[in-house]
Visitor: 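Please read through the structure below; I'll follow up with questions.
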2 protein chains.
Amino acid sequence: MRIKTDDGIKDMRAVWREGNIVKMIDQRYLPNELIIFSAKNADDIHMAIKEMVVRGAPCIGVTAAYGMAQAFEKRVDTSEAASKIKSARPTAYDLFYAVDHMQEQVKQGKDPSEAADDYALSVINKCRAIGENGAKMIEDGYNILTHCNAGALATVDHGTALAPMRVGKEQEKNIFVYVDETRPRLQGAKLTAWELYNEDIRHTVIADNAAGHYIQRGHIDMVIVGTDRIAANGDIANKIGTYEKAVVAKENGVPFYVAAPVTTFDPNTESGMDIPIEERDPKEVTIMDGVRVVSPGSNANNPAFDVTPSRYITGYITEKGIYTPDDLEDMFD
Amino acid sequence: MRIKTDDGIKDMRAVWREGNIVKMIDQRYLPNELIIFSAKNADDIHMAIKEMVVRGAPCIGVTAAYGMAQAFEKRVDTSEAASKIKSARPTAYDLFYAVDHMQEQVKQGKDPSEAADDYALSVINKCRAIGENGAKMIEDGYNILTHCNAGALATVDHGTALAPMRVGKEQEKNIFVYVDETRPRLQGAKLTAWELYNEDIRHTVIADNAAGHYIQRGHIDMVIVGTDRIAANGDIANKIGTYEKAVVAKENGVPFYVAAPVTTFDPNTESGMDIPIEERDPKEVTIMDGVRVVSPGSNANNPAFDVTPSRYITGYITEKGIYTPDDLEDMFD
């Protein structure tokens with residue numbers, strides 16, 4: 001991804017390896033500071049995923065794969081490392097997939113760091129392909145709504161939901177993005193806005209509450225979001241609030257697209273209602289950037305994800321093409 | 001309303017008169033500090049409404065009425081005072097109604113301060129009646145969602161949306177309230193949560209994004225919101241985000257009630273789409289409690305209200321009873 005720095009424009013990834021250290025942009029400090037976090041063992045990887053140094057399902061997957069490569073190379077107890085890493089967060093399927101994939105690859109005799117690099121490159125290439133497929137749906141002059149951050153920061157590079165916007169920009173399409181700020185952690189206001197600013201893609205941030213208003217008034221031509229897990233029936237889990245946007249989009253006849261690599265599909269989860277919803281610390285709601293925003297006598301609930309049933313989804317933009325809920329199974333042909 | 005203070009429980013109103021000074025709880029400092037703002041002339045009243053020292057349509061109306069009484073008593077140019085006060089905010093019908101009503105009353109020979117006191121008392125009594133009518137819809141054990149603050153702070157006393165909860169509590173019904181934090185200004189997290197805490201009504205604050213999740217999962221039995229204006233066709237304008245909640249409630253078969261005095265109806269506004277939507281300072285989105293939360297290179301849009309078409313509304317809880325969109329006109333019988 002393109003990042004404007006004091007030393008000019010840099011091209012960076014959200015997570016990478018240097019020797020046996022896993023390095024990543026520490027997303028807790030964005031957009032104010034560009035700080036690099038170094039993970040030296042499975043505990044560091046666990047912490048980085050749990051505390052959201054890295055976030056976004058594909059990026060979590062790659063971080064986990066690099067973490068497993070690190071564990072294999074260091075000859076520590078890799079099944080312990082696997083459990084530790086898998087326990088960092090409960091919702092994103094990529095996390096479990098990446099750890100299992102690494103164990104499988106090594107069992108088959110593959111070099112761990114090569115396997116991790118291949119996995120990362122495959123994620124990056126898939127995101128690029130998602131961008132190219134998704135850009136076909138974006139017409140010149142489109143206004144696009146997105147929720148949370150399904151950008152390069154969430155996927156190592158390019159993004160899922162943001163990849164079609166990046167490609168659309170390359171194709172010189174005139175696009176404008178409405179960015180839900182995405183409470184409680186404000187990934188839209190802090191991360192998606194930052195990525196779009198760095199890419200010179202025109203955009204504005206809105207309170208999550210305002211998305212419905214803009215959809216109702218015809219200001220939004222399409223919605224594109226990422227997802228953390230797609231169930232076998234096509235239901236998706238994504239950042240809390242996605243469900244509301246999908247319902248309002250359908251009510252107003254606005255297309256609602258989910259951008260994700262095929263690996264986000266979890267054939268073992270029958271329905272969205274079977275996906276566990278992570279309940280995070282209420283402090284993410286009550287305290288914002290160190291300031292208490294909820295009345296002192298009151299507490300908060302903080303579900304991190306919600307489930308959007310497939311009937312609200314126009315299409316799944318994948319690296320293999322775009323599928324509707326009705327032809328989802330063709331993806332595995 | 002009941003307020004827990006260091007000196008015990010006090011019973012206060014959101015706005016009142018002391019001699020020729022209009023006093024009000026300065027809602028910009030809640031829930032952290034209980035500070036009283038004193039308005040001495042129409043400029044102060046204009047500022048108090050514009051800067052949201054007071055907010056909420058009925059409370060703005062009473063503040064405007066007190067402000068007009070003050071202007072009449074001080075023998076200043078009352079048509080200038082009327083214009084000044086009316087220009088403070090564009091959406092709430094009560095503001096214009098209260099100013100016109102005061103001018104009409106005085107023209108008919110009524111004492112200005114008596115007219116303002118009568119107006120305030122009438123608002124308070126209506127809210128109490130709204131509470132009694134609305135409480136009939138609340139069953140023991142109900143979980144209720146509310147958005148923004150349509151409490152005593154918004155209506156001088158009792159509230160509109162919160163009045164049925166106060167009466168339900170008096171009737172010893174076991175109720176639980178999900179409070180949307182209500183970005184960008186967080187009136188739910190700061191004001192509604194504070195009122196419910198002071199009334200010992202059980203509640204939790206949620207990110208606005210989470211409301212849909214709780215509605216979908218069957219955790220919400222009913223939604224009650226206030227409104228700033230009801231158009232002749234039953235559409236309402238209310239705090240940004242109300243529309244999304246209404247659409248999701250209807251999609252899930254959850255009753256959606258609007259609580260408001262009959263004066264909130266504006267027969268001269270044909271449809272909700274004719275209600276002007278105030279666009280407020282983007283800083284309300286980009287800066288929260290003094291902290292910049294949006295990426296520095298990005299800007300924000302900040303519509304303060306949205307319109308919920310009448311087809312999403314189960315009933316209007318008024319001081320005269322509860323009406324459906326189909327029998328709205330009976331309200332004027």
Visitor: Could I get the full list of side-chain hydrogen bond (donor to acceptor under 3.5 Å, both in side chains) partners for A:D200, not counting sequence neighbours?
Guide: A:R2, A:K4
Visitor: May I ask you to test the B:E181-A:P184 pair for a side-chain heavy-atom distance under 4.5 Å?
Guide: no
Visitor: Has B:E279 got more than 12 heavy atoms of other residues, nucleotides or ligands less than 6.0 Å from its CD?
Guide: yes
Visitor: Mind checking which of residues 25-37 of chain A sit less than 4.5 Å from chain B, heavy atom to heavy atom?
Guide: A:P31, A:N32
Visitor: Contact part of B:V307 toward chain A, heavy-atom cut-off under 4.5 Å: side chain, backbone, both or neither?
Guide: both
Visitor: Any side-chain heavy-atom pair from A:I215 and B:Y243 closer than 4.5 angstrom?
Guide: no
Visitor: Where do B:I277 and A:H213 land on the side-chain contact (heavy atoms from CB on, under 4.5 Å) test, with the steps shown first?
Guide: CA-CA 10 Å; B:I277 299 297; A:H213 170 71; 4.2 Å; yes
Visitor: Taking it one step at a time, do B:H147 and A:N209 satisfy side-chain contact (heavy atoms from CB on, under 4.5 Å)?
Guide: CA-CA 10 Å; B:H147 189 71; A:N209 281 324; 3.4 Å; yes
Visitor: Would you list the pairs meeting side-chain hydrogen bond (donor to acceptor under 3.5 Å, both in side chains) in which at least one residue belongs to residues 218-231 of chain B, sequence neighbours left out?
Guide: B:R229-B:D266, B:R229-B:T269
Visitor: Please say whether more than 12 non-hydrogen atoms of neighbouring residues, nucleotides or ligands are located less than 6.0 Å from CZ in A:R13.
Guide: no
Visitor: If I compare all heavy atoms of B:R292 with all of A:D289, which pair ends up nearest, and what's the gap?
Guide: O-OD2, 4.0 Å
Visitor: List the atom of B:S298, the atom of A:Y197, and the distance in Å for their closest heavy-atom pair.
Guide: OG-CB, 4.2 Å
Visitor: Given B:V205, which partner from the list A:N301, A:V294, A:N302 fulfils the side-chain contact (heavy atoms from CB on, under 4.5 Å) test?
Guide: A:V294
Visitor: So which residues of residues 233-242 of chain A are in contact with chain B at a heavy-atom cut-off of under 4.5 Å?
Guide: A:I240, A:G241
Visitor: Tell me which of these, A:N198, A:L196, A:T182, A:V248, has more heavy-atom pairs under 4.5 Å with chain B than the rest.
Guide: A:V248
Visitor: Answer whether the closest heavy-atom distance between the side chains of A:K245 and B:E244 falls below 4.5 Å.
Guide: yes
Visitor: Less than 4.5 Å to any heavy atom of chain A: does that hold for the side chain of B:F305, its backbone, both, or neither?
Guide: backbone
Visitor: Please flag which part of A:L186 lies under 4.5 Å from any non-hydrogen atom of chain B: side chain, backbone, both or neither.
Guide: side chain
Visitor: Nearest heavy-atom pair of B:K190 and A:V293: which atoms, and what distance?
Guide: CG-O, 3.4 Å
Visitor: With respect to chain B, which residue among A:T286, A:T192, A:T308, A:V291 yields the maximal number of heavy-atom pairs within a distance under 4.5 Å?
Guide: A:V291
Visitor: For the residue pair B:Y214 and A:P303, what are the closest heavy atoms and their distance?
Guide: OH-CD, 3.4 Å
Visitor: I'd like to verify something: which residue of B:D180, B:N299, B:D306 has the highest number of heavy-atom pairs under 4.5 Å with chain A?
Guide: B:N299
Visitor: Measuring heavy-atom distances to chain B, does A:A211 have an atom under 4.5 Å in its side chain, in its backbone, in both, or in neither?
Guide: both
Visitor: State, without any angle test, whether B:Y312 and A:E251 hold a side-chain donor-acceptor pair at a distance under 3.5 Å.
Guide: yes
